Amino acid sequence: MSSHRVVADPSGASLAAEGCVGPRFLIIGAGMAGILSAVKLQEAGLTNVAIYEKASALGGTWRENTYPGVACDIPSHLYSYSFAPNPNWSHVFSPGAEIFSYFEEVARRYGVDRLIHFGAEVRLLEWRNGLWHLETNNGETDEGEFVIAATGVLHHPKYPDLDGLASFEGPVFHSARWDHSVPISHRRVGVVGTGSSAVQIVGAIVDEVAALKLFQRTPQWILPIENPPIDEEDQKRYQADPNAIEVLRKELAQTFEAHFANAVVDAASSEVKVLEELCRANLDQSVKDPALRERLRPDYRAACKRLVVSSNFYDAIQKPNADLVTEAIDHLSPTGIVTKDGALHELDVVVLATGFRVDRFLRPMDVVGRGGVLLDDVWADRPSAYLSLSVPDFPNLFMLNGPNGPVGNFSLIDVAELQFAYVEQLVAQVLAGRCREVSATHDALERFEAERVKAAQKTIWVSGCRSWYLDDRGIPAAWPWSFDHFRARMAAPKLEDYELVG
Ligand code: NAP
C-alpha cells in the first residue's frame, strides 16, 4: 500500500485521507456507477483514482443508446445522484440525450472527467502480490489495491440468430448501435422485438417512416404513464429551493418502492394485481380493432417480464402505416424479412431491438484472482457474487450493479449509491489496517445463493414467461426481496461473511 497515511473513522464506517494520495483505486467503466465511485472516493479524500473506459466518451448506457425515443422510465428526479440533483430536468421522464448531458456535467463538476483513460478497454485484471495489475488493449498498464467494476448490466447487445441476416441488402443495426447516418424518413423500417427499446422506437418513428413493421415474438403488457414536460415555473422553484427536489425524490422513491420494486417480488401482492388491471384496461381501452387487440394481448401476467411503460405505443401501432407482424420470422432475404407463412415483408432498414446478453458483467476481460483462479471458470455456469458485489478469491474487487442485484423497476443510481456506501465500509477495514485483503467467503456466497433462489419462487418473474431476468435454469437473476431489505443489507457489512486476510 502507498506510504501516504490514510485514516479510517474509528467505527470503520467512513473514509478519510490525509494528503492527496492513498491506495490506488482502479475503476472500470465511466458510466453512471463509475462516475459515482470516483465522486465518492474523492469526497472521502481518496484521490488516487483512475477510471478505465473502453469508449471515447463517458455515459455508459446513455452514450450507447441513442435510438429515437430513448428515455429512462424512472422519473428523472429519482434517476439522478442524491448528491447532484438537477433542477432543470425537462420532463418527468427526460430523454436519453439530456441524461447523457447530466452525467457529462456531473463528471466535469466533480473533476471526474480528468481521471478517465478513454479508449482503454481493460483486457486483463490480475491479483499479484497484493495488488490488482491491469492491462488494456491499447497497451496501458496500472496497479492498484482496489478495483471497482462498474461495467453495467444491459451492455452487450444480443444479436438474434436469424437465417439470412447477412444477406439483407439494406442497413441492419441493433437498437443500442443506432446508425444515425441511415435515413429512415419515408423508408420502410422493420423493428424486431417488443421490449422497452422497441416500444420507445416504434412510438418515436412511426410518423416519420413510410411503413413500419413490428415483428412481435411475444406481446408485452404496457403500463400507460404520461410524460409531461416540467414547466419553467417548477424548474425555477427547484433552482431556488433544492429541498423541494429532495421532497419530490422521497415521494417518488416511496411510490416506486411500494408500487413496483416491492410489488414484483411478491406475485400475490395487491400492488401487482393493480398493475395487471392498469395494463389490461390500457389494452382494452386503447386498441379499437378486436383482432389486433387480441394479437397484442399477452398470455402471461403483467410484470412477469420487465414492465414496459409507454403512453404512445398503442396509438403508434394503430396508425395506417404501422403493421404488427405476429407470424414468426423464418429468415431474411436480400429485400426484407420472410415469415414462416412464406410472406415477404419488404423493408429498407431493419432494427434489431433484441435486448442484451445480461450475464457478462466484467467479461470478456480476463480476471485472475488469488491463486490464479479465473473468473471465467468460477462463472462457467453463470455469474454469481455475494450480495451481487463480492466474489470469493477475488479480494478487494467490488462490483456495482453486479450479478443478481436489483435491476428492475427502481433507479439503478440509488442501487449503486447504496452499494458504494457498503463497499466503502469494506475498504475501511483495509485502510484501518485490520486486513490487507477482503472478499466474501465461499460459505457466505453459497448461503446467499440458496436464500436468493428460494426467495425467487415468490416473485412475479417466475409466473410463466420468458424474460431476460431468467438465467439458464429459469431462476431470476435479480434481487428477489423488497427494496427495504436491500437497503437494510447494504447498511453495514456482516464481517463474518468476509475473509479478511493479512
Ligand atoms: P428486451 O426487453 O430483452 O427485449 C428484447 C425483445 O426482442 C423481446 O421482445 C424478444 O422477444 C425479442 N427477440 C429477441 N430475440 C429475438 C428473435 N430471435 N426473434 C424475434 N424476437 C426476438 O430488450 P430491450 O427492449 O432492449 O430492453 C432491455 C431492458 O433494458 C429493459 O427491460 C429495461 O430494463 C432496459 N430499458 C429500459 C428502457 C427505459 O427505461 N424505458 C428503455 C430501453 C431499455 P421475446 O419477448 O419473445 O423474448
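Values in this document were obtained by computation on a predicted structure and should not be read as measured data. Counting convention: from 1, in listed order, for ligands and their atoms alike.
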Sub-3.5 Å donor-acceptor pair from the side chain of Glu121 to the main-chain atoms of Ala55, do we have one?
no

Among Ser310, Ala176, Gly195, the residue with a heavy atom nearest to atom 4 (O) of ligand 1 is Gly195

Closest to atom 20 (C) of ligand 1 among protein heavy atoms sits Val192 CG1, 3.7 Å

If you scan protein heavy atoms around atom 18 (N) of ligand 1, the nearest is Pro160 CB, 3.3 Å

Nearest non-hydrogen contact to atom 12 (C) of ligand 1 from the set Pro157, Gly193, Cys72, Gly69 belongs to Gly193

Counting heavy atoms under 4.0 Å, the part of Gln220 that contacts ligand 1 is neither

- Any donor-acceptor pair under 3.5 Å from His180 side chain to Thr66 backbone: yes

protein heavy-atom neighbour closest to atom 46 (O) of ligand 1 works out as Lys305 NZ, 2.6 Å

Logged contact type for Ala71 with ligand 1, heavy-atom cut-off 4.0 Å, is backbone

Counting heavy atoms under 4.0 Å, the part of Phe356 that contacts ligand 1 is side chain

Nearest non-hydrogen protein atom to atom 25 (O) of ligand 1, with distance, is Ser197 N, 2.9 Å

Among Ile329, Leu307, Thr218, closest by heavy atom to atom 47 (O) of ligand 1 is Thr218

Among non-hydrogen protein atoms, atom 41 (N) of ligand 1 lies closest to Gln200 NE2, 2.8 Å

(message) Between Ser76 (side chain only) and Tyr79 (backbone N and O only), is there a donor and an acceptor less than 3.5 Å apart?
(response) no

Closest heavy-atom approach to atom 35 (C) of ligand 1 among Ile74, Leu352, Leu154 is made by Leu154

Distance-only polar pair, side chains of Ser185 and Glu208, donor-acceptor under 3.5 Å = yes

Closest heavy-atom approach to atom 8 (C) of ligand 1 among Val358, Thr194, Asp73, Ile201 is made by Thr194

Between Thr459 and Pro476 the two heavy atoms that sit nearest each other are OG1-CG, 3.9 Å

Closest to atom 42 (C) of ligand 1 among protein heavy atoms sits Tyr67 OH, 3.3 Å

The option among Lys158, Arg217, Arg306, His174 carrying the non-hydrogen atom nearest to atom 22 (C) of ligand 1 is Arg217

re atom 23 (O) of ligand 1, the protein heavy-atom contact at minimum distance is Gly355 CA, 3.2 Å

For Lys40 and Phe420, the nearest pair of non-hydrogen atoms, with its separation, is CB-CE2, 3.3 Å

The reported gap from NE2 in His91 to NE2 in His77 (rounded to nearest 0.5 angstrom) is 12.0 Å

of all protein heavy atoms, closest to atom 28 (C) of ligand 1 is Trp468 NE1, 3.7 Å

Restricting to heavy atoms, the pick from Ala353, Ser175, Ser196, Cys465 nearest atom 38 (C) of ligand 1 would be Ser196

Any donor-acceptor pair under 3.5 Å from Trp379 side chain to Ser384 backbone: yes

Notebook entry, point to check: Does the pair Asp113/Arg108 count as a salt bridge with the N-to-O cut at 4.0 Å?
Noted result: no

Would you say Arg466 has any N or O atom under 3.5 Å from an N or O of ligand 1, going by distance alone?
yes

Original post:
Does a salt bridge link Glu233 with Arg237, judged by any charged N lying under 4.0 Å from a carboxylate O?
Top reply: no

Q) Any sub-3.5 Å donor-acceptor pair from Asn262's side-chain atoms to Phe483's backbone N or O? A) yes

Is Asp231 salt-bridged to Lys236, cutoff N-O under 4.0 Å? no

